[in-house]
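Below is one structure, written out as C-alpha cells; comments come after it.
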There are 4 protein chains.
Amino acid sequence: MTDTPHRRGADRTEAIMRATLELGQEIGYAKLSMEAVATRAGASKQTIYRRWPSKAALLFDSLLSVNAPALDYPDTGDIVADLRTQIHSAVDLLTGPPVGPLFRALISEAQHDPQIAAALNERFIGPQADKTVARLRKARDEGQLSPAFDLTLAMAILSGPLYFQLLITQEPLTHAYVDRILDALFTGLGPSPRIERSSSARERDHRGRLTPPAAT
Amino acid sequence: MTDTPHRRGADRTEAIMRATLELGQEIGYAKLSMEAVATRAGASKQTIYRRWPSKAALLFDSLLSVNAPALDYPDTGDIVADLRTQIHSAVDLLTGPPVGPLFRALISEAQHDPQIAAALNERFIGPQADKTVARLRKARDEGQLSPAFDLTLAMAILSGPLYFQLLITQEPLTHAYVDRILDALFTGLGPSPRIERSSSARERDHRGRLTPPAAT
Amino acid sequence: MTDTPHRRGADRTEAIMRATLELGQEIGYAKLSMEAVATRAGASKQTIYRRWPSKAALLFDSLLSVNAPALDYPDTGDIVADLRTQIHSAVDLLTGPPVGPLFRALISEAQHDPQIAAALNERFIGPQADKTVARLRKARDEGQLSPAFDLTLAMAILSGPLYFQLLITQEPLTHAYVDRILDALFTGLGPSPRIERSSSARERDHRGRLTPPAAT
Amino acid sequence: MTDTPHRRGADRTEAIMRATLELGQEIGYAKLSMEAVATRAGASKQTIYRRWPSKAALLFDSLLSVNAPALDYPDTGDIVADLRTQIHSAVDLLTGPPVGPLFRALISEAQHDPQIAAALNERFIGPQADKTVARLRKARDEGQLSPAFDLTLAMAILSGPLYFQLLITQEPLTHAYVDRILDALFTGLGPSPRIERSSSARERDHRGRLTPPAAT
DNA sequence: CGCTAACCGAGACGGTACGTCATGTCTTAAA
DNA sequence: TTTAAGACATGACGTACCGTCTCGGTTAGCG
C-alpha cells in the first residue's frame, strides 16, 4: 500500500523528465534514446510518446521543468549595472549544467525541427529578449538613453555575440566578455578607460555609444 | 565499355559529395543517411567510410566542395561600404541553397561533435572573421577608426546578431538588417538620420559609434 | 436520456459478440484484437476480460451465439439419405460465413490452447459426432447395417476426410465430395455404377462397404 | 582466428533454424518470438527477416530442416502390410517431437496464411499423399485391388481420420487406431475377425472393403 | 603482356533504436 | 455497483541505419 510503484498521470510526466535530465547529463543529449529514458524512468515508451511527439519535444519540456531562477531584471536605476547583473545570471544559467548542454542540444534540434525552433523562441528566447528590451525602454523613458535608441537592435547586439561564442567558437562564455560587450554598447569600442573612471562619470556617459570620439 | 560504371579514386569522392549535396537538398541534411548517399552515388558504404569518419565529416567536405565565390573584402577605401559589400555577399551565400541548409546542419552537428566544431572554426568561421578583423585593422591604421577601436569585438558585434537571426529566431536575414547593424556600429543606435545625410557627411563620421550624442 | 449509450449486463455481452463477429468477417479472426472489439462494441476492455478469459474464449462464445440451424438427423428410415441430408447441412454451415472462418480460427487456436480444444470437442465436435453415431446405431439396430458395424470408426471415416479437406488441402468442400465418401462407406470404393442402379437396389446394399467385389 | 563468430550465409540460416527448433520445443511454437530466436541464434532480426517473410515461413523451413527419415513406402508385395508399415512410421514422426508440435503449429498457421497452406500441401502433405496413391495404384495394377478402386478417396479415408484425431479430438494417435482404419478399408467395418484369420486368408481378401457382408 | 595487389560495388551481418501495436491490469468518473 | 474511458508496464513487431566485414570482379602498374 505504501510503495505505489506509480500512480497518476503527472507523476509519470515528472519521472520521465527527470530521467531525461539525468541521462542527458550522463551520456549527452545527442545520444539520448527514448528507449533508455523509458527504462530509466520505469515508464513505457508508449507513455512517453503519449505526451511528447518527438525526442526534441521531450528535451524541451525537460528544459522548462528545470526550476530555473527567475531571470527578471533588477531595477537599481542604473541601466548598465542592471543589464550586467542580469546578463551575468543568464550566462551562468545557459553555460552550466544542466541547462547549458540541454539548451545547446535544443538549438541544434531547432535547426531541423521548426516546431522546436518556434517553441524555443516563444518560451525561451522571446520572453528573455522582451525583458531586455523592456528594461532598455524604461531607461530610455527615464532619459538615460537617447530617445531614438534602437532597443531591439541593442538587444541583438547584446545577445548575438554571446550565442556566437556559445554555438560557434564554443569558447567559454565569461562575465568579462559580457562586460566587454556592455562597455562597447555604452562606453564605446575604444580603449575603455573605465577602470580609472569614477562610477559617477561612467553613469553620466550612459548614452549608448560604441566608441569614444576618434583621436583627432 | 562505353558506360564506365565507375572509374578511379578521386572520381568516387566527387560522386559521393555530389550525392550528398543532392540528397541534402531533397530530404534535408538531418535525415541524410550514409546508406542513401552510397546508393545514390553508386558507391559502397565502405568506400564512404574509407574517406570520411562520420556523416558530419562528409557534410563538411561537401560544404567545402561547393564552389563558393571567394569572399574577400574589397578595398575601396571606404570601410563601411566595403564591410557592407562583403557582409551582404556572405549573408547571401549563407542564406541561400545549397550552402545555407548545409551550413546550419553543420553548426547543428558541431553542438555535439567537437571535431566538427573545430573544423568549422578553422576552415570557415575563423578565416572569414580574420578577414573582417584585417579589413578593420587596415581602416584603423589608415585613421578611419579610433586607434583604440576593439577590432575583435567589432567583428563579434557584426557577426553575432547575424548568427542569432540565422540560428535562433530563424527570421530571414536581409541586407537591410545587415545595414542596421553596420549603422549601429558606425553611426549609432539612435534615430539614424542617414537618409537625409550626404554621403560625405556619413563618411566623416566613421569612427565607430552606436549612438548619437544623447539629447542634451 | 434517449440515446442510452449503454445499459446493463447482458446487453454488453451481446454487443461484444456482435462486434467480434463483424470484425472477424471484416479483417479475419486471426487479426482480431480485443482492443478493436472493445472499440467497435463501445465497451471497455475490462468488460470483455470480465466475461472471457481469452480471445479464443470470446471467439468460442461468438461461435455459439450464431443462431445456427439445429443439425439434428432426420429419420426417414433410409440411413444413407439421412446421413447425406445431415452432412450436407453440416458442410454448408461449416463452410460458409460466418461460421466457417470462425470455426477454422477456433481449430487453429485449439492447437495451442487445450481449453479451447476441450470446449470445442465438448460443445461442438462431440455432440455432432454423437448424433451421427446414434443415427448409425439406430440403423444397425434396425438391421440396415451389420451387427458388427464399427459405429465410431464409421463416424471418423465420414468426418475425417471432410476436416482433411477443410483444414489441410483447403479445397472447396462440396456436396459431391460428401457423396463420394458416403458411397465409399456404403457402396464401395469401386466404379460406383450408382447412376444406373435403381434406388431400391442401392438401398438393399446399404451394408457398409467401400468396394465392390473385386473383379474375379 | 579459430573462433570465427560467424561466417557465411548458410551458416546463419542453419543457426537460426536450430534456435527456432530449440525454442519451439522449450516454450512452444505459438509463443515463439522472432526476437527470442534472433537472440538465441546470435543473429540480428534483420538477418531473419532477410530470409523469411514471416514467423510461419521460418517455422516451415525449420520443419523441413529436421532430418526426417525418408518416408518411402516399402514394397513387400503385400499392400496392407506396406501401408501399415508406412503409416505407422508417418504417425510416429508426426506425433513425436520435434516434428509433431511444429507440424500442428504450422497447420494452425495455415488457417490464416494461404502461403503456408500452399507450401504445406506442396512440400509435405501432397508428396506423402502421392506416395500413398502410387502404392495403391501399383497394388491395383497388380490385381490386388479392384480395377475401379478409388485411389484418391482411399487415401483421404486413410489420412482424414488421422488428422481428425491429431487436430480435433487430440487424443493420442496410436498404431492400433491406424490398424483399425486399415482393417476398415480392406477388411470391413464389421467384427474384424482378423486375429484368428491366417495371413493367407487375409491376403486373399485384400479387395478394398469396409464391411463384411451383412448378416443375412 | 601477364600477374598481382589494390580497390571497388555489393550487400550480409550484429547491433541499436525507432515508433507502433496489442496485451492484460489498473484507476477514475459518470450513471 | 457496473460501466466506458483510457493510462499504464510490458514486450514484440517489422523497419531503418549504423559501422564492420567478407565477397568477387575489375583495374593498374610492376615485372
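First the proteins, then the strands, lettered A, B, ... as listed; each starts at 1. Both backbone and side-chain heavy atoms feed into the values below; hydrogens, waters and symmetry mates do not.
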Indicate yes or no for a side-chain donor-acceptor contact from [X] to the backbone of [Y] under 3.5 Å, with no hydrogens or angles considered.
X	Y	result
Q25(D)	E22(D)	no
Q170(A)	A110(B)	yes
K55(D)	L32(D)	yes

Candidate nucleotides dG24(E), dC13(E), dA10(E), ranked by approach to the side chain of K45(C) - the nearest:
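Nearest listed nucleotide: dG24(E).
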If you check the Y49(A) side chain, which of dG19(E), dT10(F), dA4(F) turns out closest?
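Selected nucleotide (nearest to the side chain): dG19(E).
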Give a yes/no answer on whether the side chain of [X] brings an N or O atom under 4.0 Å of OP1 or OP2 in [N].
X	N	value
R50(A)	dA9(F)	no
T47(D)	dG14(E)	yes
R12(D)	dG14(E)	yes

Mind checking A43(B) for me? I need base, sugar-phosphate or nothing, with any heavy atom below 4.0 Å counting as a touch.
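It contacts sugar-phosphate atoms only.
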Mind checking whether R12(B) and R50(B) have side chains closer than 4.5 Å, heavy atoms only?
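They are not in side-chain contact.
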Return the set of residues passing side-chain contact (heavy atoms from CB on, under 4.5 Å) with S54(D) (not counting sequence neighbours), or none when no residue passes.
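For S54(D), the residues satisfying side-chain contact (heavy atoms from CB on, under 4.5 Å) (neighbours in sequence not counted) are A56(D), A57(D), D113(D).
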Rounded off to whole Å, could you give me the CH2-to-P distance for the W52(D) and dG14(F) pair?
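Distance check: W52(D) CH2 to dG14(F) P gives 14 Å.
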Specify the separation, in whole Å, of atom CD of Q46(C) and atom P of dA5(F).
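Taking CD of Q46(C) and P of dA5(F), I get 14 Å after rounding.
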In residues 27-37 of chain D, what residues come within less than 4.0 Å of DNA chain E, judged by heavy atoms?
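Residues of residues 27-37 of chain D under 4.0 Å from DNA chain E: none.
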Which residue lies toward the 5' end of DNA chain F, P53(B) or P53(D), if each is placed at its nearest nucleotide?
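Looking at DNA chain F, the more 5' nearest nucleotide goes with P53(D).
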Tabulate below the donor-acceptor pairs under 3.5 Å that side-chain atoms of residues 116-124 of chain A make, not counting sequence neighbours, or state none.
residue : atom : partner : partner atom : Å
N121(A) : ND2  : A117(A) : O            : 3.1
N121(A) : ND2  : I168(B) : O            : 2.6

